Amino acid sequence: MAAVTGKTAQAVSTCATLICLSVLLLSCSARLMADDRAPTVVDKDFADELADKSSMQGLLSYMQRKRKRRDESGQSNRFKDDLNHGTLQTTLKFKSGWLYQQFGVNLSAFGATDLTYDDELPRNIENEFSFAGERWSDENSSEAESGVSVSRAVLKYRTEDKQFRVKAGYAPMHVPGIIGVNWSFQPGTYRGVQAKYTPQNWTVTYAWADEYKAPWYLKTQNFSKVNAWDPNPVSGDNRIDYIHGLSANYQPPEADWSLAFSAGQSADYVDAYFFKLAKQWAIADGLSVSYQFYGADSKNDPGYELYQGLAWQQGVRAQLISGDWMWKAELIATKAEGIGTYLPRLTRGYANSQGALEYWWDSRSDWNNDGETAIYSGVWYQLSSFNLPGWQVGASAAYGWGAKRWVDQQQDHQAKDGKESAWNIDIIYAANSGILDGLTARLHYTHYRNHQDDKGSFYYANMFTSERDIKLEFSYPFGVF
């Protein structure tokens with residue numbers, strides 16, 4: 001327990017140091033600006049502008065998880081422990097005010113440590129809440145580690161009319177349908193620049209980055225055309241110099257519909273595309289429906305073959321809210337000939353970068369094998385009418401069929417179409433008053449079934465054997481100033 005306390009204290013200490021350094025650096029830069037006023041006047045104006053609307057927020061988060069997976073060889077029906085850990089995270093986020101109404105800085109860092117941990121389970125090394133290692137492709141060999149990592153360190157700028165904003169440094173970045181981040185309780189971090197322009201009816205976003213880290217790595221890493229376990233994944237021709245994306249979203253004034261178009265690229269590797277049409281209706285407390293198309297085309301240089309022709313994942317989403325009830329339904333279809341699975345990112349290996357799919361079923365599988373069609377539906381109910389304010393229960397299920405098997409860029413025509421399914425239960429609590437105001441707690445159970453367990457894990461490109469997964473999460477935000 002002493003080690004745990006030390007790591008948590010280290011996280012707070014590091015965040016405080018970063019914040020003090022940022023204030024000092026901005027103060028020094030302000031003094032270098034030409035100004036004919038007396039130094040005391042300049043210092044006072046600078047301090048006032050920096051302090052105006054600046055804030056420091058904290059977050060305490062805890063994840064307790066236990067997951068069992070059926071024998072991955074397919075030779076028995078025995079379930080074995082696959083993940084078993086309890087991880088605490090501590091976060092501090094600082095946002096400055098706007099210097100001269102145009103310049104500012106955002107900083108955030110977090111510490112993570114495992115309070116419970118089964119060191120006999122190799123997959124615990126990458127439990128995605130404590131740290132798997134220094135960088136992607138440079139993971140620990142024995143166990144996950146405690147540590148502190150910076151998730152944001154950016155300078156930001158906005159025009160006086162606030163229609164154009166840009167941030168540069170280390171930060172999460174988002175281009176709809178193209179570039180996003182992995183999540184634990186914290187987002188992943190890119191090294192790069194993002195700009196957003198919001199003229200009337202439009203939102204135009206551009207982002208460029210040359211490094212990334214998922215939140216379970218301490219430092220950012222270059223992008224790669226190969227997997228993390230391949231030799232020298234970020235050296236020579238394996239390296240991707242940069243990724244970038246551009247998006248335009250259009251919504252007329254007071255309209256109940258919108259359009260979005262995006263395109264992105266990883267240098268000399270993958271081109272990606274996104275289209276979305278969304279509409280809302282005034283039915284009950286709101287019905288929203290959208291169609292989404294995600295596409296990717298790979299350059300397929302020798303040794304880096306990915307897709308055979310245009311790969312895509314497309315689908316429709318619907319959500320209805322009525323009083324204390326919320327209902328969701330989604331249908332997706334996938335085509336990914338060649339590699340056999342649609343990658344939701346611009347790089348090859350998991351957690352080397354991330355895309356921005358809006359589908360999130362929390363049902364273990366990604367439901368993205370070539371030829372697969374999958375449907376998901378769920379309902380959630382607020383228990384306020386039972387005098388239980390803040391409590392919510394929910395249930396959902398998913399089913400996928402038609403998955404094709406690919407091996408070394410060749411389709412296995414002898415294999416039957418793959419199937420998978422899952423069902424989930426949620427119990428959620430959100431406090432909105434008193435000393436626990438802001439606290440959220442969530443218990444989530446997933447019962448996932450691979451309908452071809454006898455074939456073992458990854459007989460189809462992205463389909464592991466059956467699982468039983470339970471997660472208990474707590475988050476408590478607090479304000480510093």
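The model shown is predicted, which means the values in this text are computed figures rather than measured ones. What's counted below: heavy atoms across the whole structure, side chains too, no hydrogens, waters or symmetry copies.
Across every non-hydrogen atom of A171 and V154, the tightest pair is CB-CG1, 3.3 Å. Between S475 and L59, the closest heavy-atom pair is CB-CD1, 4.2 Å. The shortest heavy-atom contact between P176 and A356 is C-CB, 4.4 Å. Across every non-hydrogen atom of G264 and I178, the tightest pair is CA-CG2, 3.7 Å. The two residues S262 and S247 have their closest heavy-atom pair at OG-OG, 2.9 Å. Of all heavy-atom pairs spanning G133 and E145, the tightest one is CA-OE2, 3.9 Å.
The six-membered or imidazole ring of F110 lies near that of F131, with a centre-to-centre distance under 6.0 Å. Aromatic ring centroids of F185 and F129 lie under 6.0 Å apart.
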Residue pair E358, Q292: steps toward the side-chain hydrogen bond (donor to acceptor under 3.5 Å, both in side chains) verdict: CA-CA 9 Å; E358 294 186 19; Q292 299 176 33; 3.2 Å; yes
With side-chain contact (heavy atoms from CB on, under 4.5 Å) as the test, would you mind laying out the steps for L218 and R135 before giving the verdict? CA-CA 6 Å; L218 290 163; R135 295 178 174 87; over 6 Å; no
Taking it one step at a time, do N127 and Y117 satisfy side-chain hydrogen bond (donor to acceptor under 3.5 Å, both in side chains)? CA-CA 10 Å; N127 63 51; Y117 186 91; 5.6 Å; no
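In this structure, the side chains of I179 and Y190 come closer than 4.5 Å at one or more pairs of heavy atoms. Looking at heavy atoms from C-beta onward, I428 lies out of side-chain contact with T440 at the 4.5 angstrom threshold. Two residues are said to be in side-chain contact when any heavy atoms from C-beta on lie closer than 4.5 Å; L343 and Y307 meet this criterion. Residues K419 and R449 fail the side-chain proximity criterion, which asks for heavy atoms closer than 4.5 Å. Between V480 and L92, some side-chain heavy-atom pair lies under the 4.5 Å cut-off. Contact annotation: the side chain of R405 never approaches that of K455 to less than 4.5 Å [non-hydrogen atoms, C-beta and beyond]. Proximity of V234 to W136: side-chain heavy atoms (C-beta onward) are separated by under 4.5 Å at one or more points. At a threshold of 4.5 Å between non-hydrogen side-chain atoms, the residues R123 and I125 do not count as touching.
When the side chain to side chain contact (heavy atoms under 4.5 Å, CB included) test is applied to A195, the partners found at least two apart in sequence or on another chain are F164, V166. Not counting sequence neighbours, R345 has no partner by the salt bridge (charged side-chain N to carboxylate O under 4.0 Å, His left out) test. Among residues two or more places apart in sequence or in another chain, the side chain to side chain donor-acceptor pair (under 3.5 Å) test is passed with S288 by none. Residues passing the side chain to side chain contact (heavy atoms under 4.5 Å, CB included) test with L439, sequence neighbours excluded: A431, L436, Y476.
Remark: side-chain polar atoms of Q392 are not paired, donor with acceptor, to backbone N or O of W380 under 3.5 angstrom. The closest donor-acceptor contact from the side chain of S266 to the backbone of V270 lies under 3.5 Å. Using a distance-only test at 3.5 Å, with no hydrogens or angles considered, no donor-acceptor pair links the side chain of T90 to the main chain of L60. Checking side-chain atoms of Q64 against main-chain N and O of H85 turns up a donor-acceptor pair under 3.5 Å. Remark: the backbone N or O of G434 is not paired with any side-chain donor or acceptor of D437 at under 3.5 angstrom.
Of the N and O atoms on the side chains of Y381 and S385, at least one donor lies less than 3.5 Å from an acceptor on the other residue. For the residue pair N369 and N462, no side-chain donor N or O sits within less than 3.5 Å of a side-chain acceptor on the partner. H444 and D426 are linked by a side-chain donor-acceptor pair at a separation below 3.5 angstrom, with hydrogens and angles left out of the test. Judged by distance alone, the side chains of T341 and N368 do bring a donor and an acceptor atom under 3.5 Å apart. A donor atom on one side chain and an acceptor atom on the other are found under 3.5 Å apart for S377 and W327.
With K68 as reference, D81 is the one residue of D82, D118, D81 to meet the salt bridge (Lys or Arg N to Asp or Glu O under 4.0 Å) rule.
Ring orientation note: the planes of H447 and Y445 are tilted relative to one another, at an angle of 30° to 60°. Classification of the Y448-W367 ring pair by plane angle, with boundaries at 30° and 60°, yields perpendicular.
Among pairs with a residue in residues 468-481, those fulfilling salt bridge (Lys or Arg N to Asp or Glu O under 4.0 Å) read R65-D469, D362-K471, R442-E473, at least two apart in sequence or across chains. Sorted by first and then second residue, the salt bridge (Lys or Arg N to Asp or Glu O under 4.0 Å) pairs involving residues 214-225 (not counting sequence neighbours) are E134-K219.
Judged by the 6.0 Å distance and 45° axis criteria, K328 is not positioned over the aromatic ring of W361. Judged by the 6.0 Å and 45° rule, K162 forms no cation-pi pair with W98. Both tests hold for R69 against F464: distance to the six-membered ring centre under 6.0 Å, angle to the ring axis within 45°.
In D237, the CG atom is not crowded: 12 or fewer heavy atoms of neighbouring residues, nucleotides or ligands sit closer than 6.0 Å.
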